[in-house]
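Only one structure is covered here, and it is reproduced in the block below.
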Amino acid sequence: MIKTKRLILRNYTMDDFNSLFEIMSDPETMQHYPAPFDENRTKDWIIWNIENYKKYGFGLWAVTLKETGEFIGDCGITIQNIDGELLPEIGYHINKKYWRQGFAKEAAKACRDWVFNNTEYNAIYSYMKYSNVASYSTAIAIGMKKLKEYSDPKNEISYAYAISREEMDELK
């Protein structure tokens with residue numbers, strides 16, 4: 001469990017399905033994915049993350065409001081193929097009712113710090129479709145710098161951002 005000023009990040013459970021489905025089935029929220037998720041894809045998302053906790057000790061975590069316990073999205077670390085390399089990546093999805101309130105930045109910053117405090121990784125990455133301004137703005141807001149853009153059959157063009165352990169130490 002990770003706590004921030006306003007949030008708690010915790011492991012997913014199947015009890016999170018309805019709240020997650022509200023987010024993942026929304027066309028606006030999922031505009032940078034090939035398509036919104038159906039019920040099966042949403043269930044598989046939770047199962048995939050639970051498997052990641054066992055395999056890696058991390059995954060995407062459920063993001064809840066500290067004050068009310070309400071599920072508002074997910075944020076965490078997964079191993080992703082970024083231009084042909086398997087790399088640790090911070091990802092996030094926040095319910096659109098909570099956009100533009102700094103929740104993605106707050107959660108992503110906590111995950112960035114968690115990686116450097118709890119793993120041996122020397123860098124943490126975020127990648128996104130070139131048109132996902134909110135996602136790369138969040139990456140920049142937590143100290144990441146654009147490394148490259150590359151052709152990606154899933155996204156046409158993807159941007160990769162990262163922050164190294166050394167750069168992180170300089171931020172402190």
Side-chain angles (χ1 to χ4, degrees), residues 1-12 23 29-33 45 48-67 71-96 98-172:
M1 187 182 306
I2 300 171
K3 293 181 180 180
T4 70
K5 182 179 177 184
R6 302 179 294 166
L7 304 171
I8 294 175
L9 284 66
R10 59 160 176 79
N11 286 0
Y12 264 119
I23 296 166
T29 302
M30 299 301 284
Q31 66 185 305
H32 301 290
Y33 279 71
W45 187 262
W48 172 63
N49 281 291
I50 291 170
E51 289 170 356
N52 281 335
Y53 305 150
K54 293 173 189 165
K55 185 174 182 178
Y56 300 109
F58 53 79
L60 291 169
W61 293 298
V63 175
T64 62
L65 295 176
K66 190 183 271 186
E67 220 173 80
F71 179 103
I72 66 163
D74 66 9
C75 185
I77 302 101
T78 57
I79 301 300
Q80 295 290 331
N81 181 336
I82 300 176
D83 198 20
E85 289 185 82
L86 293 178
L87 298 169
E89 195 246 1
I90 296 176
Y92 27 83
H93 305 91
I94 300 294
N95 187 310
K96 68 183 180 184
Y98 295 97
W99 287 357
R100 295 175 195 84
Q101 296 177 49
F103 290 119
K105 175 184 173 184
E106 188 173 329
K109 184 178 176 189
C111 290
R112 176 203 66 193
D113 294 349
W114 186 93
V115 165
F116 291 124
N117 290 327
N118 294 282
T119 76
E120 297 298 316
Y121 292 119
N122 285 318
I124 185 71
Y125 301 80
S126 280
Y127 84 106
M128 67 287 301
K129 187 173 184 172
Y130 70 95
S131 57
N132 194 338
V133 176
S135 191
Y136 65 71
S137 296
T138 298
I140 292 166
I142 66 165
M144 291 183 167
K145 295 178 181 150
K146 187 176 179 184
L147 291 180
K148 61 181 165 180
E149 51 186 82
Y150 58 95
S151 294
D152 180 356
K154 186 169 59 174
N155 290 331
E156 298 172 45
I157 298 171
S158 286
Y159 292 167
Y161 284 75
I163 185 169
S164 69
R165 189 175 291 276
E166 185 178 297
E167 290 167 328
M168 182 65 195
D169 289 343
E170 290 171 13
L171 285 180
K172 290 180 183 174

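All values below come from the heavy atoms of this structure, side chains included, with hydrogens, waters and symmetry mates left out. These numbers come from a predicted model, not from an experiment.
Of all heavy-atom pairs spanning P88 and I124, the tightest one is O-CD1, 3.3 Å. Shortest non-hydrogen contact noted between F71 and A62 is CE1-CB, 3.6 Å. When all heavy atoms are compared, the tightest approach of T138 to A108 is CG2-CB, 4.1 Å. Minimum heavy-atom separation, C111 to C75: SG-SG, 3.7 Å.
Note that the CZ atom of F58 and the CG atom of N118 stand 10.5 Å from one another [nearest 0.5 Å]. One distance of note links CG of D83 with OG of S151; it measures 8.5 Å at 0.5 Å rounding. Atom-to-atom distance recorded for Y161:OH and K148:NZ is 14.0 Å, nearest 0.5 angstrom. Taking NZ of K5 as the start and NZ of K66 as the end, the distance is 10.0 Å to the nearest 0.5 Å. If you take OH on Y92 and CG on L9, they are separated by 13.5 Å, rounding to the nearest 0.5 Å. Distance CE/M168 to CE/M144: 10.0 Å, rounded to 0.5 Å.
Counting only distance, with no hydrogens or angles, the side chain of R165 and the backbone of F116 share a donor-acceptor pair below 3.5 Å. Counting only distance, with no hydrogens or angles, the side chain of E167 and the backbone of S164 share a donor-acceptor pair below 3.5 Å.
Using a 4.5 Å heavy-atom threshold, the side chains of I163 and I142 count as separate. Residues L147 and Y125 have side chains in contact (heavy-atom distance under 4.5 Å, counting atoms from C-beta outward). No side-chain heavy atom of I94 sits less than 4.5 Å from a side-chain heavy atom of T29. Put simply, the side chain of E89 does not reach to within 4.5 Å of the side chain of I77, judged on heavy atoms. Contact of the Y136 side chain with the V133 side chain is registered, since non-hydrogen atoms from C-beta on lie closer than 4.5 Å. Residues I157 and Y150 fail the side-chain proximity criterion, which asks for heavy atoms closer than 4.5 Å. Proximity of Y127 to D152: side-chain heavy atoms (C-beta onward) are separated by under 4.5 Å at one or more points. Counting only heavy atoms from C-beta outward, the side chains of I8 and I2 never approach each other to under 4.5 Å.
Sorted by first then second residue, the side chain to side chain donor-acceptor pair (under 3.5 Å) pairs that include residues 49-65, not counting sequence neighbours, are N11-W61. Applying the side chain to side chain donor-acceptor pair (under 3.5 Å) rule to pairs touching residues 101-115 yields T4-E106, R6-E106, sequence neighbours excluded.
Checked by atom type, the side-chain pair D74/Y12 shows a donor-acceptor distance below 3.5 Å. In this model, a donor atom of one side chain and an acceptor atom of the other lie less than 3.5 Å apart for Q80 and T78. Side chains of H32 and S131: a donor-acceptor N/O pair is present below 3.5 angstrom, by distance only.
In this structure N132 satisfies the side-chain hydrogen bond (donor to acceptor under 3.5 Å, both in side chains) test with no other residue, sequence neighbours excluded.
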**Asked** Could you walk me through whether V63 and F103 pass the side chain to side chain contact (heavy atoms under 4.5 Å, CB included) check?
**Response** CA-CA 9 Å; V63 175; F103 290 119; 5.8 Å; no
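For the pair K129 and Y159, the cation-pi test (distance below 6.0 Å, angle within 45°) is failed.
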